[in-house]
There are 2 protein chains.
Amino acid sequence: MTEPRTDTRDRLIDAYCELVAASGARSATLDAVAARAGVSKGGLLYHFGSKDALLSGVLDRLRRLAAADTEAMRAAPEGAAHYYVRTSVVAGAGGGDTMDKDVITVLRLAQEGEERAVEAYREVSENWRAALEEQLGDRTLSRIVQLLGDGLWMNSSMHVPVDDLEEVIERLEEVIGSRHAASGG
Amino acid sequence: MTEPRTDTRDRLIDAYCELVAASGARSATLDAVAARAGVSKGGLLYHFGSKDALLSGVLDRLRRLAAADTEAMRAAPEGAAHYYVRTSVVAGAGGGDTMDKDVITVLRLAQEGEERAVEAYREVSENWRAALEEQLGDRTLSRIVQLLGDGLWMNSSMHVPVDDLEEVIERLEEVIGSRHAASGG
DNA sequence: GTCTATAACTTGATAGAC
DNA sequence: GTCTATCAAGTTATAGAC
């Protein structure tokens with residue numbers, strides 16, 4: 001604990017993510033972030049120095065949390081695929097935990113062309129896909145599962161409900177099951 | 001032809017879409033749009049009056065083009081599902097036709113919370129899904145195909161290449177084929 | 001560690017010349 | 001139908017008080 005131990009830093013990152021997740025990157029102004037975290041604009045800039053430093057904060061935190069989530073995925077009793085698809089929806093709806101918010105934030109920034117966000121997404125996305133492939137033993141299937149999750153996220157992020165999620169997961173399990181049976185795994 | 005017949009209007013909508021598709025909604029300022037279309041800011045505002053009117057222009061055009069695309073999808077020789085998945089990637093990469101650009105633009109705006117864009121997306125998305133279901137004879141499968149397309153779009157829009165697209169389509173055809181065989185269609 | 005005040009710049013929109 | 005000012009509002013960032 002040699003670094004300054006203020007949770008104000010984390011509150012500021014939280015506020016930034018929540019604003020981006022709720023109303024897009026444009027709405028996450030320094031003023032808005034500071035107000036939501038309960039400090040002034042000057043207070044924010046003491047902790048981060050610039051808007052870019054705030055971005056670095058989110059990126060770092062996402063990488064940390066995603067690494068932990070990849071392990072949770074590997075250990076999930078319902079299987080990695082089910083875990084991934086299910087959590088994709090929660091994330092999009094904005095009702096999830098800290099990592100969900102970080103993921104949405106980074107995805108949004110990446111879509112706006114923020115190069116560093118694209119790089120971070122590529123990294124964690126590839127780690128997730130590798131974990132899926134590990135369990136499914138099938139690269140193409142791992143990609144399909146991931147694309148389904150991405151599609152679910154996209155719809156959720158626009159508040160377009162996917163009403164037949166349960167049927168989709170069920171059908172996915174069927175395909176996974178038949179593959180496992182066919183390959184003797 | 002009672003309305004003023006200037007193609008400047010269309011050039012302005014094109015410029016707006018290209019900017020949003022390339023670098024996000026924030027980059028599509030009145031100045032930037034006008035410059036890209038080769039007119040001044042005043043010239044732009046003569047044609048549209050406000051940024052909101054520019055949005056209406058894109059929304060109207062998308063609805064028109066999407067209706068035509070739905071018909072093309074129904075008539076596609078490779079099948080509606082294959083057509084939908086394949087065109088999802090082209091759209092995301094930004095190298096597509098006019099409708100592709102309009103779709104990306106509206107999706108981006110929808111994700112930023114623009115209510116009218118969300119509504120337009122919901123509408124055309126539901127029409128596409130209905131056309132898929134018509135051919136596949138299976139609601140859940142139509143949703144899966146659509147989610148796959150959405151996932152492909154998302155990755156393309158961040159310039160994250162999906163290198164095994166061919167395998168994904170092939171696997172999808174297998175699942176569709178087995179369903180048709182099972183249901184006797 | 002947090003605040004206020006303010007500088008420097010960008011944005012959407014208006015007014016009026018041509 | 002298109003242009004050049006011009007404005008008010010909002011944005012990031014700095015300086016310095018407390």
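Quick caveat, the model's predicted, so the values are computed rather than measured. Order of the sequence lines fixes the chain letters, A, B, ..., with proteins taken first and strands second; residue numbering starts at 1 for each chain.
Applying the salt bridge (Lys or Arg N to Asp or Glu O under 4.0 Å) criterion to A/Glu167, with sequence neighbours excluded, gives no partner residue. Every residue two or more places apart in sequence or in another chain that forms a side chain to side chain donor-acceptor pair (under 3.5 Å) with B/Glu174 is listed here: A/Arg179. Taking B/Arg108 as the reference, nothing meets the side chain to side chain donor-acceptor pair (under 3.5 Å) condition, with sequence neighbours excluded. With sequence neighbours excluded, the residues that form a side chain to side chain donor-acceptor pair (under 3.5 Å) with B/Asp69 are B/Tyr83, B/Trp128.
Computed from coordinates, the B/Phe48 CZ to C/dG12 P distance equals 15 Å when rounded to whole Å. In this structure, CG of B/Leu44 is placed 10 Å from P of C/dA13, rounded to the nearest angstrom. Atom CZ of A/Arg9 is separated from atom C1' of C/dT2 by 16 Å (rounded to the nearest Å). One can place CZ of A/Arg11 at 13 Å from P of C/dG1, the figure rounded to the nearest angstrom.
Contact check on A/Asp102 versus A/Arg64 returns no salt bridge, with no Lys/Arg side-chain nitrogen under 4.0 Å from an Asp/Glu carboxylate oxygen. Using a 4.0 Å cut-off between a side-chain N of Lys or Arg and a carboxylate O of Asp or Glu, A/Arg129 and A/Glu126 qualify as a salt bridge.
Between B/Thr8 and the phosphate of D/dT2, there is a side-chain N or O to OP1/OP2 separation shorter than 4.0 Å. For the pair A/Tyr46 and C/dG1, the criterion of a side-chain N or O lying under 4.0 Å from OP1 or OP2 is met.
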Protein-nucleic acid N or O pairs under 3.5 Å, nucleotides 13-18 of chain D:
residue : atom : partner : partner atom : Å
D/dA13  : OP2  : A/Lys51 : N            : 3.1
D/dA13  : N6   : A/Lys41 : NZ           : 3.4

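Across B/Ala120 and B/Arg63, no two heavy atoms sit closer than the pair CA-NH1, 3.7 Å.
For DNA chain C, the neighbouring residues in residues 31-40 of chain A, judged by any heavy atom under 4.0 Å, are A/Val39, A/Ser40.
With hydrogens and angles ignored, the 3.5 Å screen pairs a side-chain donor or acceptor of B/Gln135 with a backbone N or O of B/Ala80.
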